[in-house]
Amino acid sequence: MQEKKCFFLTFFNKSGIFIGMNKKNADILKILKGGYKEGFSIDISAVQAPKGLSEEIVRFISAQKNEPNWLLDFRLKAFRQWQKMPEPHWLKGEYAPIDYQDIYYYSAPDRKEKPKSLDEIDPKIRETYDKLGIPLKEQEVLSGVAVDAVFDSVSVATTYSKALKEKGILFCPISEAVREYPDLVKEYLGSVVPYTDNFFACLNSAVFSDGSFVYIPKGVKCPMELSSYFRINAKNTGQFERTLIIAEEDSVLSYLEGCTAPQRDENQLHAAIVEIIVKDRADVKYSTVQNWYPGDENGKGGIYNFVTKRGLVLNDAHLSWTQVETGSAITWKYPSCILKGDNAKGEFYSVAMTNHYQQADTGTKMIHLGKNTTSTIVSKGISAGKSSNTYRGLVRMSGTAQNARNISRCDSLLIGGNCGAHTIPVMKNENKTAIIEHEATTSKISEEQLFYAQQRGLNKEEAVSLIVNGFCREVMKRLPLEFAIEAQKLIGIQLEGSVG
Amino acid sequence: MSAFLEIKDLHAKVGDKEILKGVNLTIESGKVMAIMGPNGCGKSTLSAVITGNPTYQVTGGSILFKGKDLLKMTPDERANAGVFLAFQRPTELPGVSMAQLLKAALNAKRTFLKEKPLDAVQFMKHLKVRATALGITDEMLKRSVNVGFSGGEKKRLETFQMAVLEPDFCILDEMDSGLDVDALKVVGGAISVMREEKRSFMIITHHDDLLRYVAPDKVAIMRDGKILQVGDKELVAKVEEKGYDNF
């Protein structure tokens with residue numbers, strides 16, 4: 001992993017928020033200043049499937065991508081299964097019924113061949129990235145982060161793959177992996193999240209557009225943090241990413257996922273799958289900053305984010321999920337660990353921030369199967385406005401999980417009197433030697449805290465932002481530095497207007 | 001020229017209870033004013049009202065600070081104009097380190113004064129010199145503000161914040177309660193070092209502990225929401241000898 005040393009308290013902005021100093025961050029911050037500033041879109045004539053979902057559409061998607069028959073079969077099986085499944089509605093929240101026939105399931109930038117270098121990328125697309133503050137060229141030079149950028153549904157650029165290839169690391173769009181490394185994809189696709197898993201996972205399996213594929217060979221430590229930026233762009237296009245990460249024995253990987261989306265009136269459906277296989281003694285850290293368009297302050301628009309993320313963790317292996325969820329109108333997301341191997345370790349660190357009419361129902365599942373498996377859950381929920389914020393978690397100690405151990409802590413912070421915070425922890429202990437611990441707190445920012453910070457010279461918004469970031473510190477400090485900066489800034493932005 | 005601080009006929013209440021009942025007080029530039037009075041006389045309320053604590057409602061009177069109408073300013077505007085309060089019971093800010101708070105505070109003030117924010121190196125230097133002088137360790141700077149500190153440590157940290165922010169007007173609310181002799185010396189020493197022509201202090205206390213280390217220029221006796229008498233430092237001895245009942 002790339003060392004990013006940072007002198008204690010070296011980089012704080014005037015709100016006392018930890019920030020970094022590289023140019024990319026400066027660009028991001030410039031854009032993120034004040035309000036949801038990512039509400040722009042550009043016109044790129046998309047190759048698009050007609051609206052609606054049918055077997056023909058599934059075949060169209062597969063044909064567009066020149067996929068092999070086994071993958072078409074996988075999609076078709078999933079589609080047939082999906083037709084039989086009811087849409088789940090157990091999340092704590094409400095939304096109008098989704099018309100699955102009123103959604104486009106495929107769109108691609110109008111291009112025939114993949115660009116060989118960044119210079120070949122459509123200038124309009126590059127302009128969008130510039131607006132987002134992620135100029136790829138600069139990223140290449142400055143940040144040392146290899147980026148697999150998903151624009152609409154097809155990947156348009158992959159950097160650093162050459163440097164990675166020298167170590168035997170594969171990092172590419174999953175559509176490319178299907179062509180180049182079909183055996184790997186065939187073996188692992190759907191192995192952690194089967195297409196029958198749940199309604200949205202099933203939908204994704206039928207129509208997934210693109211996403212990232214990562215393979216770290218045995219004993220290899222990935223020399224840089226791998227990062228993927230996702231972005232919804234074409235109107236009414238459901239976005240169905242599919243990410244597959246395979247970490248062979250004794251390998252080490254840190255993966256970053258970040259999302260931004262342009263402002264839209266229509267609700268947009270987003271149903272992604274992330275599957276991770278963590279083999280013996282491997283160590284994978286998966287970090288997310290999620291900033292999909294949350295809808296306006298009256299609850300109009302915004303992304304529906306129904307995500308299935310799961311990792312299979314084998315002997316002495318370690319999987320850590322860190323997420324900062326600030327966006328989306330609806331978040332339905334439970335990054336989970338199946339602790340199958342002995343001594344496997346799973347972690348879930350989460351900040352979920354909701355404002356206005358946002359609804360977040362998020363948490364994790366820790367399934368302990370192996371002996372001496374351990375899991376840690378730290379969830380920080382912040383609700384403001386009229387939003388609803390739910391932690392939902394499952395900790396299961398199976399009969400085989402001798403001496404397994406879980407510690408969970410769920411803290412909720414309420415801002416104002418019209419929001420809701422809920423904690424729904426489910427614990428199933430089928431093993432006498434296993435121990436589950438759960439703690440939960442709910443608090444408010446007190447007048448005393450606000451006054452104290454204001455007396456030191458911070459205005460009310462800066463004071464709230466400082467206090468909220470303090471509340472999340474335990475989770476934030478687990479993010480790679482540049483992500484932590486972006487995440488703290490996003491939380492500040494999300495809080496705007498929530499302070500009376 | 002207007003006075004440094006001029007309070008006229010100040011009335012304030014919390015809920016329906018009137019606590020300040022016509023406070024008149026003038027503090028001159030470069031002076032140390034001790035406010036002495038029995039518990040419940042309104043001393044702490046006076047400091048809260050000067051700094052704009054929203055718990056208290058001002059029902060009449062005025063506070064002019066270097067000619068500015070403080071009552072029209074928000075708490076942070078007052079702070080950035082140079083009014084500082086060392087709290088009697090400082091509030092906890094979990095997850096926020098002292099260094100983080102001070103960097104934010106210092107740069108908020110510099111922005112307010114249209115000065116450039118300090119860079120990390122300048123800030124660290126500014127912080128370290130004062131931390132060393134007040135016996136504040138690196139560990140204390142990294143820990144969450146006021147979380148898990150002893151009463152004496154909290155008071156020292158309040159004094160430290162005052163030294164870092166270098167305000168023109170320092171209000172110290174009951175800084176001597178719960179302080180041992182060594183800590184009193186540190187706090188008293190810090191005030192003595194900071195005394196200068198353009199800076200004034202208001203030391204709120206109900207006994208003479210801190211005043212043994214900081215000689216006040218003037219002493220005001222407060223009772224029942226009013227200032228009864230303003231005199232020189234001999235008043236301190238009089239209070240210690242005879243109590244407040246004789247005022």
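Order of the sequence lines sets the chain letters (A, B, ...), proteins ahead of strands, with each chain counted from 1.
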Any idea which of B:Arg78, B:Gln161, B:Glu77 has the most non-hydrogen atom pairs under 4.5 angstrom with chain A?
-> B:Gln161
For residues 418-425 of chain A, run the donor-acceptor check on the side chains, cut-off 3.5 Å, and write out each pair with its distance to 0.1 Å, sequence neighbours left out.
none

Euclidean distance, A:Glu448 CD relative to B:Arg89 CZ, rounded to 0.5 Å = 11.0 Å
Taking all heavy atoms of B:Ala108 and all of A:Gly457, pick out the closest pair and write down the distance.
-> CB-O, 3.3 Å
Contacting moiety of B:Leu165, where chain A heavy atoms sit under 4.5 Å | side chain
Whether over 12 other heavy atoms sit under 6.0 Å from B:Glu197 CD | no
Heavy-atom distance under 4.5 Å to chain A: side chain of B:Glu92, backbone, both or neither?
-> backbone
Output the option from B:Asn80, B:Asn53, B:Leu93, B:Val96 having the highest count of non-hydrogen pairs under 4.5 Å with chain A.
-> B:Asn53
Between OG of B:Ser97 and CZ of A:Arg473, what distance do you get to the nearest 0.5 Å?
-> 5.0 Å
Atom group of B:Thr74 that falls short of 4.5 Å from chain A, counting heavy atoms | neither
What part of B:Pro167 gets closer than 4.5 Å to chain A, counting heavy atoms only: side chain, backbone, both or neither?
-> neither
Side chains of A:Leu466 and B:Leu101 in contact at under 4.5 Å (non-hydrogen atoms) | yes
Is the A:Tyr452 ring parallel, tilted or perpendicular to the B:Phe87 ring (thresholds 30°, 60°)?
-> tilted
Checked A:Glu474, A:Gln454, A:Glu447 vs chain B; the most non-hydrogen pairs under 4.5 Å come from A:Gln454
Non-hydrogen atoms of chain B under 4.5 Å away: do they reach the side chain of A:Gln455, the backbone, both or neither?
-> both
Between B:Thr91, B:Asp76, B:Thr55, B:Thr51, which is the residue that forms a side chain to side chain contact (heavy atoms under 4.5 Å, CB included) with A:Phe451?
-> B:Thr51
Is atom NZ of B:Lys198 surrounded by more than 12 heavy atoms (other residues, nucleotides or ligands) closer than 6.0 Å?
-> yes
Before accepting this row, confirm whether a basic side-chain N of the pair B:Glu158/A:Arg456 lies closer than 4.0 Å to the acidic partner's carboxylate O.
-> yes
Would the number of heavy atoms belonging to other residues, nucleotides or ligands and lying under 6.0 Å from CD of B:Gln122 be above 12?
-> yes
